[in-house]
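To keep things clear, I will list the structure first and then write my remarks on it.
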Amino acid sequence: MDETKWTPSRRIRFSAGWGTLLTNDFRNCNPHGSADFNPLSLVCKLNDADGRPAVKLSDNFKKALGPRNEVERYQRVFGLAGVAEAPVLT
């Protein structure tokens, strides 16, 4: 833990990864040397917790997830500094 990244006003700093390499880490395992075992890009996102809807905020308005009213509530709480409207490429 890098204490220089903490500020007195912050109470929670949380980050977790659960996706591609957790579910498939067979890179370079094919005995014939091809990329057939390379993982797919997989992203898992929390939907709700204990019956309450989860919200994912982003630096792009279009990538925020969750019920619209909850997303707007969290945006009011955390502010919109650094958030932009950008196209999402699929």
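We're numbering straight along the sequence, starting at 1.
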Subject >> Shortest non-hydrogen contact from Pro53 toward Pro67 >> reply: CB-CG, 3.6 Å
**OP:** Would you kindly confirm whether Leu80 and Val77 end up in one hydrophobic cluster when ILVMFWY residues are joined by side chain heavy atoms under 4.5 Å apart?
**Re:** no
**OP:** Give a yes or no on this: more than 12 heavy atoms of other residues, nucleotides or ligands lie within 6.0 Å of atom CG of Asn47.
**Re:** no
Original post:
Which pair of heavy atoms, one from Leu57 and one from Val55, lies closest together, and at what distance?
Top reply: CD2-CG1, 3.7 Å
**OP:** For residues Ala64 and Ser58, report the shortest heavy-atom separation together with the two atoms involved.
**Re:** N-CB, 4.3 Å
Original post:
Tell me the salt bridge (Lys or Arg N to Asp or Glu O under 4.0 Å) pairs involving residues 50-65, sequence neighbours left out?
Top reply: Lys62-Glu85
Original post:
Do Val83 and Asn60 come close enough that some side-chain heavy atom pair is under 4.5 Å?
Top reply: no
**OP:** List in chain and number order the residues that pass side chain to side chain contact (heavy atoms under 4.5 Å, CB included) with Glu72, two or more places apart in sequence or in another chain; answer none if no residue qualifies.
**Re:** Arg68, Gln75, Arg76
Original post:
Can a donor-acceptor pair be found between the side chains of Asp36 and Ser34 at a distance below 3.5 Å?
Top reply: yes
